[in-house]
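Beneath this line is the structure, given in structure tokens, with notes to follow.
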Amino acid sequence: MCGIVGAVAQRNITPILLEGLRRLEYRGYDSAGVAVLAAGTGIQRVRATGKVAELEKALAASPADGYLGIAHTRWATHGKPAEHNAHPHVSKGLAIVHNGIIENHAPLRRKLTDLGYVFTSETDTEVVAHLIAWHYSQTPDLLSAFRAALGELHGAYALALVHEDEPHNLYCARMGSPLVVGEGSGEHYLASDPLALLQVTDRFRYLDEGDHARLSHDQCDIWDREYQQAERPVKRYEHAAHSLEKGEYRHYMLKEIFEQPEAISDTLSGTLGDDHVLTAILGPEAETRLADIQNIHIVACGTSYHAGLVARYWIESLVGLPCQVEVASEYRYRTVVVPANTLLITISQSGETADTLAALRFARNQGYLATLAICNVAGSSLVREADWRLLTHAGPEIGVASTKAFTTQLVALLWFTTALLQVRDRSAPQVADNVAALRKLPALITQVLALEPAITALAQRFANKHHALFLGRGPHYPIAMEGALKLKEISYIHAEAYAAGELKHGPLALVDEDMPVVSVAPSDSLLEKLKSNLEEVRARGGELITFACESIDQEQGEGTISLPQVDDIISPILYTIPLQLLSYHVALVKGTDVDKPRNLAKSVTVE
Ligand code: G6P
């Protein structure tokens, strides 16, 4: 994902820009660049492909010092990774950097070409540079020109702009991609992520959707989308999100569970339009290529495999495409039948899991239409070797038991399902519904995280237990599987998940007062059937622990935790959270090493 840094001060800001880019490196990028200016000098632009270290070398060869500047790390979407496509892009005395996707770049490019603008890159960003320049030639001031250009853009953006005519002002705007303004003493900064600026400040103003701003070293003017002056309070950056510190948390796993609202917002950042998904993040030909897909195979290991199992329910019910899901260690060693126009999706937090990587390599000769990696590590082998990549932005996950990586994978898979549907039926109501539901997720998860005290109390019931059953139906069956996996990984209690309808076919024989039965029971079309299954457990003296929707909790009694009523489509993501908290608190009761359970590794890079 791209990164933006900007600064305006009364000292040379190039080192601030470079350090900011270094701090954004973990997000993944393929080229980097800066544009710097000082009063009386023109824009000095330096760009390089590869790492920020390459940019530093280029800057050593042609130094660019100044009081005002913008910088960028680029992750190619429109146009291959190459110096001429790297940001900043320039036009008639201005330079801009951009995160996001400009959906209407093609008609704008045609219009600007007709007006005589010459393009030197294949990017959608250069369109914005020329568009601002054109408006500036028509209007008396840069602010009006910037606003007029923003008014023509469709899609998602975070933008930063500098112009030789205003060597003391840094302009920026956001719509669908994050941007923060950093407060220094007698200087201002901006960045796509506050982490980039923690070297110089811990005080930030968070821009709202549709905001634009003008920063000088001693002044910060922010306007909302109606051009009204807006107050965005300065907030101190306190939490240790994405950092490698545990901060206030006792374990990384707990910290990572609580980071999920932010991890999901980050994963969605720049991927959603008003009522549709921005398919262009998969590349300029995404629409056509998505439309060609007639079958899907998903391959992964462990928790990532469970994410794939949920996606199968979504893909088959919403898009109507056949979808098969398999663990990579089996898939790679069997004869696979690949129907025409099949997409292979590999899912992995690390992107280095040996079996998943081998599966991707094996798939190369199997006649797939294309391969897609859904992954949390931008520079990983899986991402490098797949045709397409869809990054999750969970941030570093340290706890061996995967939590935020799983929910962000689900978010990416629901986004992808919606993209598949959208290219087939743009007006399908489910497209806009899914977008709205995804937007609501971070706040809903925050609500569910507040259930922690009740879940902590329930965990005591597992103190002397050696086995547990997890039940679910439909897309909540893989969620029950993930719940059982979490419990066994970190508390060493033997746990198995069953599709609740299978209970009578065997596991019911195990049920007695020593067998807690955890069920995932949202209010969906299968609830009545699930309730019958739970009665079967109750009748045999089994101890029920039920995660249910608040609208039905009255009927469930003690041992029930109520969750908010939500759209069915995002319910599997929401019901994951209490199961994570339950296994975490059971592990505390058991006194195990939560973050490093015995015999397990975070990244299994050998077969
Ligand atoms: C290991 C980890 C699990 C993870 C699995 C797959 O078993 O302990 O948490 O789900 O590998 O890892 P990946 O990085 O490919 O998602």
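Both backbone and side-chain heavy atoms feed into the values below; hydrogens, waters and symmetry mates do not. Indexing begins at 1, ligand by ligand and atom by atom, following the structure's order.
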His251 vs Tyr584, test: side-chain hydrogen bond (donor to acceptor under 3.5 Å, both in side chains). Steps then yes/no.
CA-CA 9 Å; His251 293 100; Tyr584 173 76; 2.8 Å; yes
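The 4.0 Å heavy-atom shell around ligand 1 contains residues Cys301, Gly302, Thr303, Ser304, Ser348, Gln349, Ser350, Thr353, Val400, Ser402, Ala601, Lys602, Val604, ordered by chain and number.
Arg473 meets the side-chain hydrogen bond (donor to acceptor under 3.5 Å, both in side chains) test with Asn533; sequence neighbours excluded. Residues satisfying the side-chain contact (heavy atoms from CB on, under 4.5 Å) test with Ser31, not counting sequence neighbours, are Thr49, Arg74, Ala86.
Residue pairs meeting the side chain to side chain donor-acceptor pair (under 3.5 Å) criterion with at least one member in residues 442-451, sequence neighbours excluded, do not occur.
When ring centroids are compared, Phe362 and Tyr331 come within the 6.0 Å threshold.
In this structure, Lys486 forms no cation-pi arrangement with Phe470, as its terminal cationic atom is not both closer than 6.0 Å to the ring centre and no more than 45° off the ring axis.
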